Amino acid sequence: MGYAEVCVNSPVAQRQTFSYAIPPGLNINVGQAVWVPFGEKLLQGIVLELSDYPAVEETKEIAGIIEPHPVLSPAYVSLAYWISQHYLSPLFDAVALMLTPGFERKALTFISIPSIPDDFDLSSLTQEQRHALELVQRQGRVSLKQLERTLGKKKAQTIVSQLVRRGLAVRSYELEPIRVSPKEEPYLSLAIDAGEAQQEAARLQKKGANKQAALLNFLAQQSKPVPLAEARQKAKCDKATANALVQKSLATIQPVEVRRDPLSSQDITPSYPLTLTAAQESALRSISQSLKQKVNEHPNVFLLHGVTGSGKTEIYLQALAEAVRLGKRGIVLVPEIALTPQTIERFASRFPGKVAVLHSQLSLGEQFDEWQRIRNGEFDVVIGPRSATFAPQPDLGLIVIDEEHEWTYKQHDKSPRYHTRDVAIKLAELTGAVVVLGSATPDVATFYHAQRGDYHLLRLPERVTPRQSSPLPRVEVVDLREELKAGNRSLFSRSLSQAIARAVAGGEQVILFLNRRGAATFIQCRNCGLALRCRRCEVALTYHLAEDSLVCHQCNYRIPVPQLCPRCQSRRIKFLGVGTQKLEQEASHTFSQARLLRWDSDATRRKYSHQEILNKFRDHQADILIGTQMITKGLDLPQVTLVGVVSADTGLNLPDFRAGERTFQLLSQVAGRAGRGPSGGQAIFQTYSPEHYAIQAAAKHDYTLFYDKEIDYRRQLHNPPFSQLASLIYTHPNDALCQREAERMKHLIIEERDSKGIADISVIGPAPAFIHRLRGRFRWQLILRGSEPSAFLSPVPIPQGWTVDIDPVGL
Ligand code: ADP
Ligand code: ZN
Ligand code: ZN
């Protein structure tokens with residue numbers, strides 16, 4: 001075959017491939033990485049198809065091969081096409097997900113001289129040409145850059161072109177090297193000997209410099225330099241203390257190179273499969289049978305539905321072991337936040353030395369190495385966040401997606417805006433692998449598919465606890481309207497206050513949860529609890545400060561802020577939006593005896609401080625942990641007996657049809673944090689809408705109760721899974737222009753729809769996006785709803801400035 005369809009690494013390429021001729025002598029395969037001329041440049045491309053005929057008349061030739069072996073197998077080529085089509089993303093963006101980290105680099109050009117014929121008349125060359133020829137001959141191969149430095153940029157390029165044309169020199173191309181920046185950490189060591197240090201410490205102590213003295217004593221006991229972070233933690237001092245010692249020439253701080261291998265730092269004791277309970281056994285049997293099938297007609301997808309602690313992870317481990325026995329390998333996907341040492345250790349100890357971890361904290365060089373080792377088949381299991389879906393795991397047999405309902409599985413901030421679950425299921429279909437989705441609170445769409453029989457539903461109805469079975473925590477729902485009637489205006493209901501005081505006095509630990517996502521201000525009547533909603537869309541109205549009005553972010557319906565509650569005529573209309581900092585302040589007043597610790601994104605800007613905060617709390621250096629949704633994820637904190645949800649409503653008032661689902665998931669997870677130890681536990685939800693089905697169902701730990709209500713609403717309002725959504729956002733610094741462009745686009749879409757006679761696409765909006773203004777640019781949104789908006793939009797030209805998101809997770 002003489003031609004290749006190449007997906008080129010250029011923003012111009014979009015969803016297209018380009019035809020290139022294969023020069024004689026070059027062995028080109030599907031999935032291979034090549035250099036291709038593109039306009040004036042030489043760019044990277046991946047061969048996606050081979051053919052006898054080009055798609056266009058005029059073709060250029062492939063310039064060279066980047067790597068001799070294909071970088072993508074045929075299944076991944078198909079997957080890239082699918083991602084590009086389904087999510088309307090540029091093809092190279094889809095392909096890039098699957099390339100070795102750091103693959104996207106520029107070309108370096110090298111010049112070499114094959115043998116020059118004996119009868120060649122060197123005097124026919126100019127002096128400059130001969131000079132260049134000698135330079136190259138002397139070294140065998142020279143980079144164009146080097147020639148440019150010696151001869152001048154323009155001149156070098158001209159001479160090389162001349163020599164190549166006369167057949168005396170050939171060009172070849174290589175990727176520029178990855179710049180691996182080594183990771184360094186400051187280490188602290190003594191500048192004097194240990195004996196002196198102790199005398200010095202005694203002197204410092206006399207002067208009242210206790211912290212410096214303690215640090216010096218600590219250093220005197222160390223045989224080698226210690227990481228500064230460790231010294232600070234162990235000697236309970238801060239950076240200033242260390243600096244003071246350095247200034248007095250008693251200690252030095254020096255950077256030491258560290259390798260961030262999440263597994264090397266831990267001593268991993270091997271673990272062995274547990275004897276399964278009957279429910280686990282039956283679930284594992286179904287998965288194993290599916291793994292043994294030679295050909296899969298349908299994607300084999302399992303939904304493993306069971307509360308936290310019901311033994312899902314043990315099933316993943318044993319299913320992976322089964323896959324390995326069958327000569328296959330697995331990928332385990334976890335939400336980024338769950339990629340904790342605890343999680344990693346569980347997998348690493350079951351498959352010692354056979355687990356690769358793809359961590360976003362690895363440097364590019366480390367990711368590169370890990371990726372190569374995976375491709376070589378060195379690991380049974382690859383574990384990582386959503387990007388690990390694309391790890392080149394050979395003989396892929398099993399893909400596990402833990403906490404499959406988590407929103408971090410959707411890449412929403414850059415192209416391609418894919419959902420891990422859908423991509424994994426597609427990949428399984430292409431490779432014959434089996435997918436296991438696990439969750440205590442499955443995504444409504446996932447559960448719907450399981451109910452319909454598209455996926456196999458496996459249930460683990462109970463917790464398996466090693467000690468006496470500790471039941472799910474009791475949940476009390478507190479009606480905040482009643483609190484106000486009783487004159488309690490604080491953030492803590494009487495019930496929650498008493499429970500906190502009791503727990504702290506008894507030496508137990510408390511978690512207070514406040515959903516950060518509620519930071520957007522909304523308006524609520526404090527008398528009857530009414531949160532103002534859009535009449536057309538049933539979503540909460542958002543307060544816009546600039547216009548002093550309430551706006552529906554779905555359809556742009558606007559009203560002035562009412563003086564009286566439309567339902568009960570009360571004047572007590574409040575703007576709500578308490579943050580964790582305010583909560584911390586109030587808690588420290590109300591519970592002055594308790595030690596507080598706050599965990600939110602403000603508190604964790606620094607790397608690794610998640611772990612530090614967590615360790616501090618686990619060591620019982622604080623009584624109350626105040627946090628946002630970060631604290632809801634899979635943490636095992638046995639001393640926590642009480643979880644208080646300060647406002648269970650904040651999520652409900654988000655302008656999104658998934659508000660109920662989101663609230664149910666969060667509340668279920670938060671409540672699950674209590675009572676993981678032998679002393680059992682309790683959760684308290686404070687709310688203005690105690691009758692809401694999401695809150696009721698979470699309080700009863702009843703997924704079915706929630707699901708049945710929710711799926712009815714979805715059906716009535718024709719929301720997913722009964723339709724698919726596409727969000728189109730236009731951004732521009734000028735608000736009016738932005739709105740006009742959105743209106744124009746809407747007309748265009750409606751025309752297209754009507755001319756094709758497609759009945760089932762509806763267009764909602766335009767309206768200001770949830771975040772109306774971002775970094776100085778305004779954003780207007782259109783929402784398409786229908787059975788296949790992505791297929792409908794595919795032929796529609798989408799101008800610059802628009803972002804299309806298929807199956808958006810937040811509206
Ligand atoms: P999940 O993933 O659903 O949260 P895990 O697999 O982590 O549940 O199990 C919860 C706890 O119970 C873990 O400590 C685990 O080691 C233990 N466990 C799981 N299965 C069994 C079993 N069959 N026998 C004894 N202990 C088990
Ligand atoms: Zn009211
Ligand atoms: Zn509306």
Side-chain angles (χ1 to χ4, degrees), residues 182-192 194 197-198 200-202 204-205 208-248 250-268 337 339-345 359-362 507 509-511 584 588 594-627 630-631 633 635-640:
K183 287 242 149 52
E184 289 186 338
E185 243 183 70
Y187 271 61
L188 192 60
S189 55
L190 280 183
I192 49 181
Q198 276 162 347
E200 199 61 45
L204 282 168
Q205 191 132 33
N210 290 338
K211 278 191 183 163
Q212 291 177 33
L215 182 56
L216 208 51
N217 271 327
F218 169 76
L219 289 177
Q221 287 153 26
Q222 309 304 314
S223 52
K224 52 180 196 268
V226 247
L228 181 58
E230 189 189 322
R232 280 165 51 186
Q233 203 186 22
K234 295 230 175 100
K236 298 200 175 48
C237 66
D238 53 16
K239 179 110 196 279
T241 317
N243 285 341
L245 293 188
V246 172
Q247 243 156 35
K248 291 178 184 149
L250 301 173
T252 56
I253 297 180
Q254 261 151 3
V256 171
E257 197 178 317
V258 291
R259 200 183 126 72
R260 189 159 294 152
D261 177 352
L263 296 179
S264 71
S265 55
Q266 294 166 25
D267 301 314
I268 289 164
I337 190 111
L339 200 53
T340 58
Q342 277 174 303
T343 313
I344 295 169
E345 201 182 328
H359 217 281
S360 62
Q361 282 176 345
L362 298 180
Q509 286 187 305
V510 178
I511 289 178
E584 186 182 21
S588 70
R595 295 162 302 165
L596 304 182
L597 195 59
R598 193 176 51 146
W599 189 6
D600 56 21
S601 52
D602 298 327
T604 54
R605 290 267 153 71
R606 286 184 310 120
K607 250 186 209 172
Y608 282 161
S609 61
H610 283 297
Q611 204 52 43
E612 284 168 30
I613 294 177
L614 197 57
N615 288 345
K616 226 169 153 179
F617 192 60
R618 193 173 290 132
D619 292 349
H620 212 142
Q621 293 177 39
D623 306 301
I624 303 179
L625 179 67
I626 292 176
M630 285 180 191
I631 63 173
K633 314 292 180 224
L635 305 176
D636 226 343
L637 298 166
Q639 299 180 74
V640 173

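In this chain, residues are counted from 1 in sequence order. Fair warning: this is a prediction, and the values are worked out from it, not measured in the lab. Computed over heavy atoms, backbone and side chain alike; hydrogens, waters and symmetry mates excluded.
When the side-chain contact (heavy atoms from CB on, under 4.5 Å) test is applied to Ala209, the partners found at least two apart in sequence or on another chain are Leu204, Gln212. Partners of Gln254 according to the side-chain contact (heavy atoms from CB on, under 4.5 Å) rule, which considers only residues two or more places apart in sequence or in another chain, are Thr252. Scanning for side-chain hydrogen bond (donor to acceptor under 3.5 Å, both in side chains) contacts around Glu230 gives Lys234, with sequence neighbours left out. Every residue two or more places apart in sequence or in another chain was checked for a side-chain hydrogen bond (donor to acceptor under 3.5 Å, both in side chains) with Asn210, and none qualifies. Partners of Asn243 by side-chain contact (heavy atoms from CB on, under 4.5 Å), not counting sequence neighbours, listed by chain and number: Lys239, Ile253. Judged as a side-chain contact (heavy atoms from CB on, under 4.5 Å), and not counting sequence neighbours, Gln221 has no contacts.
Atom CG of Leu597 sits about 9.0 Å away from atom CD1 of Ile626, to the nearest 0.5 Å.
Residues Leu215 and Ala242 approach most closely at CD2-CA, 3.7 Å, considering heavy atoms. Residues Ala197 and Leu216 share a closest heavy-atom pair of O-CD2, 3.6 Å. Contact between Val510 and Phe617 at its shortest, heavy atoms only, is O-CZ, 3.6 Å.
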Derivation and outcome, side-chain contact (heavy atoms from CB on, under 4.5 Å), residues Arg618 and Gln509: CA-CA 9 Å; Arg618 193 173 290 132; Gln509 286 187 305; over 6 Å; no
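Within the 3.5 Å criterion, the main-chain N or O of Ala220 finds no donor-acceptor partner in the side chain of Gln198. No donor-acceptor pair under 3.5 Å is formed between the side chain of Arg232 and the backbone N or O of Thr241.
Within 6.0 Å of atom NZ in Lys248, more than 12 heavy atoms from other residues, nucleotides or ligands are found, so the atom counts as buried in its surroundings.
Counting heavy atoms from C-beta on, the side chains of Leu250 and Leu219 never come closer than 4.5 Å.
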